[in-house]
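Below is one structure, written out as C-alpha cells; comments come after it.
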Amino acid sequence: PTEPSSPQEHGLDFQRLLDASAYKERFRQDMIRWGEEKRRSDPGFFCRAAVEGALQPVWVVSDTRRLSDVQWFRDAYGDVVQTVRVVAAEETRKRRNWVFVTGVDDTESECGLDQGVAFDWVITNDGDKVALGEQLEMLVQSL
C-alpha cells in the first residue's frame with residue numbers, strides 16, 4: 001500500500017477543510033483515515049508539527065484529540081502543560097448546525113478525550129458571551 005497523502009497533495013482547498021462546510025464533510029472520513037495512518041506510523045507526528053518553530057512563552061495547541069496527544073505534550077513539557085477542554089451542550093451544538101454522523105462522530109478522532117484525562121480547565125461555551133469571557137479571563141490570569 002502507498003503512504004497516505006496530505007490534503008494538499010490531493011488538490012483540496014485547505015482553508016475550506018478548516019470550516020464546518022459541506023465541502024469539509026465530503027472529505028472528513030478520508031482526512032480521519034489519513035490522520036490515523038500517520039499516527040500509527042508516528043504517534044508524535046502532529047504534536048511535533050504543532051510546536052515546530054514556536055518561540056512564544058505561552059502556546060495554545062488547539063484540537064488535540066487523543067490521549068496519546070496529551071501524553072506526548074506532558075512527556076515533552078512536563079508540569080507547564082495546562083489542558084483545557086471546551087464543552088457545549090448537545091442542544092447548543094445542534095443550534096450551531098452540528099449533526100451527529102455515525103462512523104465519524106463516535107470515533108477516536110472525535111471522542112478520544114471523553115475519558116481518561118483530568119483536564120486542568122473545563123470551559124463551557126453555550127453561547128453566553130459574558131460567562132465565556134469570565135472563564136477565559138480566569139484561565140489567562142492563571143498563566
Side-chain angles (χ1 to χ4, degrees), residues 1-54 56 58-77 79-143:
T2 60
E3 171 82 11
S5 54
S6 71
Q8 294 90 340
E9 291 170 349
H10 285 284
L12 300 178
D13 183 331
F14 182 71
Q15 288 304 312
R16 290 182 69 194
L17 293 174
L18 296 177
D19 63 27
S21 67
Y23 180 86
K24 174 186 174 181
E25 290 305 313
R26 285 200 319 255
F27 300 106
R28 191 171 176 201
Q29 287 186 308
D30 289 336
M31 291 188 311
I32 291 169
R33 196 169 16 260
W34 175 80
E36 294 302 325
E37 287 297 321
K38 283 304 226 187
R39 277 181 192 82
R40 271 195 283 282
S41 64
D42 179 0
F45 177 82
F46 293 105
C47 297
R48 283 192 310 280
V51 299
E52 185 177 322
Q56 297 79 6
V58 175
W59 310 338
V60 175
V61 180
S62 64
D63 211 20
T64 55
R65 293 173 174 249
R66 291 165 179 75
L67 190 54
S68 61
D69 294 338
V70 173
Q71 192 59 50
W72 187 91
F73 281 102
R74 286 183 173 155
D75 289 347
Y77 299 103
D79 292 339
V80 298
V81 172
Q82 293 284 301
T83 55
V84 180
R85 178 160 182 128
V86 179
V87 297
E90 189 169 330
E91 301 79 35
T92 301
R93 297 173 73 198
K94 287 178 180 177
R95 279 196 312 271
R96 295 173 178 160
N97 298 320
W98 172 77
V99 177
F100 181 86
V101 176
T102 301
V104 174
D105 290 307
D106 53 359
T107 63
E108 184 181 17
S109 70
E110 301 303 312
C111 52
L113 296 176
D114 287 353
Q115 298 175 356
V117 178
F119 288 93
D120 299 302
W121 299 88
V122 177
I123 305 293
T124 301
N125 183 11
D126 275 327
D128 182 335
K129 291 180 182 181
V130 173
L132 178 60
E134 290 171 353
Q135 294 171 84
L136 294 175
E137 183 61 29
M138 287 177 25
L139 173 59
V140 170
Q141 290 301 317
S142 78
L143 300 175

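Shown here for L67 and V117, the closest heavy-atom pair between the two residues is CD1-CG2, 3.4 Å. When all heavy atoms of R95 and D126 are compared, the pair lying nearest together is NH2-O, 3.8 Å. The shortest heavy-atom contact between A118 and T83 is O-OG1, 3.8 Å. The shortest heavy-atom contact between C111 and D105 is SG-O, 4.2 Å. Nearest approach of R93 to A88, heavy atoms of both residues: CD-O, 3.6 Å.
D42 has its side chain within reach of R48: a pair of non-hydrogen atoms, C-beta onward, lies under 4.5 Å apart. Between V87 and V122 there is a side-chain heavy-atom pair separated by less than 4.5 Å. Looking at L113 and F119, their side chains come closer than 4.5 Å, going by heavy atoms from C-beta outward. Between F46 and D63 there is no side-chain heavy-atom pair separated by less than 4.5 Å.
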Problem - Criterion side chain to side chain contact (heavy atoms under 4.5 Å, CB included) on V51 and W72, from CA distance to verdict - result: CA-CA 12 Å; V51 299; W72 187 91; 4.2 Å; yes
Practice task
Any chance you could lay out the salt bridge (Lys or Arg N to Asp or Glu O under 4.0 Å) test for K94 and E91, step after step, and finish with the verdict?
Solution key: CA-CA 5 Å; K94 287 178 180 177; E91 301 79 35; over 6 Å; no
Problem - Test salt bridge (Lys or Arg N to Asp or Glu O under 4.0 Å) applied to R74 and D79, step by step - result: CA-CA 7 Å; R74 286 183 173 155; D79 292 339; over 6 Å; no
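Each of I123, V86, N125 was checked for a side chain to side chain contact (heavy atoms under 4.5 Å, CB included) with L136, and the lone residue meeting it is I123.
Note that the CH2 atom of W98 and the CD atom of E90 stand 4.5 Å from one another [nearest 0.5 Å]. For the atom pair CD (Q135) and CH2 (W121), the distance works out to 10.0 Å, reported to the nearest 0.5 Å. Of the inter-residue distances, the one linking K129 atom NZ with L132 atom CG reads 10.0 Å to the nearest 0.5 angstrom. Note that CD of E108 and OG of S68 are 6.5 Å apart. Values are rounded to the nearest 0.5 Å. Within the model, atoms OG of S142 and CE of M138 stand 8.5 Å from one another, a figure rounded to the nearest 0.5 Å. For the atom pair CD (Q82) and CZ (F73), the distance works out to 14.0 Å, reported to the nearest 0.5 Å.
The ring-ring contact (aromatic ring centres under 6.0 Å, His included) search around W59 returns Y77, not counting sequence neighbours.
The main-chain N or O of R65 is found under 3.5 Å from a side-chain atom of D69 such that the two form a donor-acceptor pair.
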